[in-house]
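None of these values were measured; they are calculated from a predicted model.
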Amino acid sequence: MADYDVSAYNGRIEALRETEYPMLKDGNTYLDHAGTTLYAKSLVDEFAADMTANLFGNPHSASSSSQLSMTRIDDVRVKVLQLLNADPTEFDLVFVANATAGIKLVTEALRSAPGGFSFVYHETCHTSLVGIRQESEASRCVDTEMVQNWIDGAPLPDEITSAGAPVLFGYPAQSNMDGARLPLEWSHKLRVRNSPPAGFYTLLDAAAYVSTSPLNLGDQKSAPDFTVLSFYKMFGFPDLGALVVRKDAMPVFKHRKYFGGGTVDMVVCSGEQWHATKSESLHEALEDGTLPIHSIVALGIALGVHNRLFGTMADVSLHTSYLAQRMHDKLDSLRHGNGRHVCEIYSPAVKRSAESVVSGPIVTLNLRDEVGAWVSLTEFEKTAVLKGFHIRTGGLCNPGGVAAALDLKPWEMKSNFSSGFRCGNDNDILGGKPTGTIRVSLGAMSTISDVDRFVAFIDEFYRSSDGSTFNQSTNGVGSTALADLVVASITVFPIKSCGGCHIPEGQSWEVKPEGLAWDREWCLVHRGTSQALSQKRYPCMALLRPCIDFEKGVLEVSYAGEIPQHLPPKITVPLSSNPAYFDSCDFTKWRTSRVCGEEIVARPYASATVNDYFSEILGVPCVLARFPSGGQGQGVRRVKAQLQQHQAGYRRTRRQLPGAFPVEMDTPPDSDSEADQRRILLSNESPLLAINAASLRVLNLEIRNRGGREVSADVFRANVVLDSVGQGDDILAYTEDHWSALTIGNYRFEMLGSCRRCHMVCIHQDTAAKSEEPFATLSKTRRFNGKVFFGTHMCHAASTDQTSASIAQVPTIRVGDKVSVDC
């Protein structure tokens, strides 16, 4: 550490980032190096130059181009072994797709052995290691104390040794979850202490470790039998991995059954079934098919570029460990005004021994608000994305590590699954505990400014300096004070996530149980994934402008951006649901799609003109589909909106023991008609969404005060905008939090709860440009229990007054209708 000058080294990295990592401009802060690090511009340029200057052929041939490929492959294989200080006479290196592919290769060989194998794995293993247990005859998950007991002489568990099969022990050199490092010498000590007759082998997952630290396999007697790594975690490119095998462990592969092209010297098929596997080297027998020639060529270049830019892996290790320590200390020091910690940190403090760094450059945490409640990971990600941070959240593909950190028992994890939790969804706080974490991981090209920028971000958005909440105060105003409230605008969004149709003044618009007539009845579906497209991924959907022409009986769609010359300026889709317009008249062949995480059945249009129009404008293969209003089974979606804790009328269910019935339960629909009213088409949560113009003006004032540009009502994509000419914004703003019902004209509407917002509100609906506002300001002024809200959900409440039955048959609203409020 004495030779490491923090200021000089960091300054050099800052300087080279200007030319080598142009993708980090425009406010991007990359903090997901444990997922994959970034590739240097020099690497891409040199690879392109090498590819255009040389002719690389299939290495299984004898031509000069093939021999050049074989020479490069052999050279790069040796260079990687040298990087690991692994003697080629003691180790062999097998090129694979990634670390997981190397793990599967070892598993495949052991599975084929007579009697199979037993598997022991450390609780901090990556999911790819945990998966080995499904192929083993017996398995056991262990913690560090158990491993140390075995090293000290305690026997292996009976279920592991009783089968009389080989035993494989898998563990990570560094946890990809929190950066904790496990002793590399375990491999040697366990082999010495545990020698079942069938053999004891160790598998080291070094993928996270080698991304920023040197791995020394110089002593083959103490080295792991199998070591896997992924080069994209080290260099960013190429997408390639390796399995390093200690040659003493090579007999494990003699039972492997499958063989591919290039791994055999002869194969007999006719009359007999016989083959002779290549035996000159292990990698020749295991590298099935043609090797990824060009990726291996790129790897050779990556080794040189990385050394030239950053020095040795020891230099990278010192730099990244300093940054991690700085990150850990600064986050740990953040306090709310009342003294509570902002961050719950799970990673061990970064410590250095005399010889090495003993914890990796990863800081894993969760956030708490000023009263100690957990901050939603989904909400955190929304704000982080807007501010240009690239960070991993969730379970991190490390089930044991996350469960241990969050104190999640098996029954709790299964209960969470039964409650709807899935990897990647937004059910991130269940049973009072988070289901995942935030992982900040640093790499060779990370700098002090990256660390300080992230800490400042947490301080700005998640630390309450005076101990009070971030929440915008809400007013409780009686209905008499809102006598001048009117419908200021009405908007229908025929195609989900596309532009809206503004209903002109004086035109009455029908309100159906599922929402406004024609609202979100169509969607665009990805041809490959069947996911409904969204502005969050395809912002230019905002420029697709549908218009309903009742005289012609069509939905007319135009595009407000640049249209390819060969496309028509607009297309039309019949409003009629004539089966002849769709891809199939057979219900069983309708397309299964996903909308807002729910599986639905939508009817795709058969017209190539229609589908090509959307596909070419958006640059994504998609089809227009129609959702069957009033369908059954997967043709039905239900309201998900509900009152939130910051709203009047919210009922908190008392905490119960696991398995007990709740004291309070939502009242089920009293009749089929009530259930029908709670149906929705393709809207996210409710039939109708309304916003209060006074709340919008107050929000825009906050945005202007923070130096931002105010936003229009369009970004919230509300069906109804309500406004008043008789009251001040300071009185009316956010009163919608306390409304229980509205009467618009002659019709009554029930308020269903506040609308939870995502960063889609930051897409300008006239230009499709993205910005930070209004979500950045909302996250500071309208965050309740870690979630951001603006606007309110509602639905039409069917009238029970028989005297008004003729009116109730076709409820309508129009711009200018007077509105009365029940609070």
Side-chain angles (χ1 to χ4, degrees), residues 32-51 54 56-60 68-84 86 88 91-108 126 128-129 173 176 203-215 217 226-245 260-263 281-307 309-310 313 316 397 443-444:
D32 190 22
H33 295 270
T36 180
T37 196
L38 302 177
Y39 47 85
K41 183 176 182 296
S42 292
L43 168 56
V44 178
D45 291 344
E46 291 185 27
F47 175 57
D50 197 11
M51 290 295 294
N54 293 289
F56 296 102
N58 189 309
H60 295 160
L68 176 60
S69 296
M70 200 67 251
T71 299
R72 286 291 188 91
I73 292 169
D74 290 340
D75 290 347
V76 173
R77 197 187 307 274
V78 172
K79 287 181 180 179
V80 175
L81 289 173
Q82 289 174 338
L83 178 69
L84 304 175
F91 295 88
D92 202 350
L93 184 144
V94 182
F95 286 115
V96 291
N98 47 39
T100 299
I103 292 168
K104 291 179 70 176
L105 195 55
V106 174
T107 305
E108 181 185 39
H126 188 279
S128 294
L129 269 178
N176 72 299
L203 170 56
L204 181 72
D205 176 6
Y209 183 87
V210 296
S211 62
T212 57
S213 295
L215 178 63
L217 301 179
F226 315 106
T227 302
V228 293
L229 48 94
S230 294
F231 295 113
Y232 58 85
K233 293 183 184 291
M234 303 172 71
F235 312 122
F237 177 78
D239 299 332
L240 188 67
L243 167 65
V244 181
V245 180
T263 63
S281 65
L282 179 65
H283 65 259
E284 282 189 323
L286 297 182
E287 290 172 344
D288 298 309
T290 301
L291 283 168
I293 308 162
H294 308 120
S295 292
I296 296 173
V297 169
L299 174 58
I301 298 170
L303 289 163
V305 170
H306 192 274
N307 185 261
L309 295 179
F310 303 108
M313 275 295 183
V316 172
C397 288

State, to 0.1 Å, how close I301 and F47 come at their nearest heavy-atom pair, and which atoms those are.
CD1-CA, 3.5 Å

Is the side chain of T36 donor-acceptor paired with the backbone N or O of Y232 at a distance under 3.5 Å, no angle test?
yes

Report the C-alpha distance between T37 and H306 in whole Å, list the side-chain angles of each, state the deciding distance to 0.1 Å, and finish with yes or no for side-chain contact (heavy atoms from CB on, under 4.5 Å).
CA-CA 12 Å; T37 196; H306 192 274; over 6 Å; no

Between D92 (side chain only) and H283 (backbone N and O only), is there a donor and an acceptor less than 3.5 Å apart?
yes

Determine the minimum heavy-atom distance between A302 and F237, stating which atoms define it.
CB-O, 3.7 Å

Minimum heavy-atom separation for L83 to M234, with atom names?
CD2-CE, 3.7 Å

Applying side chain to side chain donor-acceptor pair (under 3.5 Å), can you list everything that pairs with E108, at least two apart in sequence or on another chain?
R256

Is there a donor-acceptor pair under 3.5 Å between the side chain of D205 and the backbone N or O of A207?
yes

The reported gap from CG in L303 to NZ in K79 (rounded to nearest 0.5 angstrom) is 7.0 Å

Separation between CZ of F226 and OG1 of T107, rounded to the nearest 0.5 Å
9.5 Å

Please list every donor-acceptor pair under 3.5 Å in which a side-chain atom of residues 98-106 meets a protein atom from a residue at least two apart or in another chain.
{"from": "N98", "atom 1": "OD1", "to": "T100", "atom 2": "N", "distance (Å)": "3.3"}
{"from": "N98", "atom 1": "OD1", "to": "A101", "atom 2": "N", "distance (Å)": "2.9"}
{"from": "T100", "atom 1": "OG1", "to": "S128", "atom 2": "OG", "distance (Å)": "2.7"}

When the ring planes of F231 and F235 are compared, do they come out parallel, tilted or perpendicular, using 30° and 60° as the limits?
parallel

Any chance you could lay out the side-chain contact (heavy atoms from CB on, under 4.5 Å) test for H33 and T212, step after step, and finish with the verdict?
CA-CA 9 Å; H33 295 270; T212 57; over 6 Å; no

Locate the shortest heavy-atom distance separating M313 from V210; write the atom from each residue and the value.
CE-O, 3.5 Å

side-chain contact (heavy atoms from CB on, under 4.5 Å) for I73 and F95? Distances and angles first, verdict last.
CA-CA 10 Å; I73 292 169; F95 286 115; 4.3 Å; yes

Give me the one residue out of V96, L243, L129 that meets side-chain contact (heavy atoms from CB on, under 4.5 Å) with V228.
L243

Distance check, rounded to the nearest 0.5 Å: M70 atom CE versus L291 atom CG?
6.5 Å

Check whether any side-chain N or O of R77 sits under 3.5 Å from a backbone N or O of L93 as a donor-acceptor pair, and report yes or no.
yes

Inspect the surroundings of OH in Y39 and state if more than 12 heavy atoms from other residues, nucleotides or ligands are less than 6.0 Å away.
no

Output for pair (D239 CG, K233 NZ), nearest 0.5 Å, gives 11.0 Å

Under the salt bridge (charged side-chain N to carboxylate O under 4.0 Å, His left out) rule, collect the residues that match up with D45, sequence neighbours excluded.
K41

Reported CG-to-OH distance for the pair L204 and Y209, which is rounded to 0.5 angstrom
9.5 Å

Within the 4.5 Å heavy-atom criterion, are T227 and L215 side-chain neighbours or not?
yes

Looking only at non-hydrogen atoms, find the nearest pair between I293 and G57 and report the distance.
CD1-O, 3.4 Å

So, taking the atom named CG in L299 and the one named CG in L240, what distance separates them when rounded to the nearest 0.5 Å?
6.0 Å

Please give me the minimum heavy-atom distance between F91 and A86, naming the atom from each residue.
CD1-CB, 3.7 Å

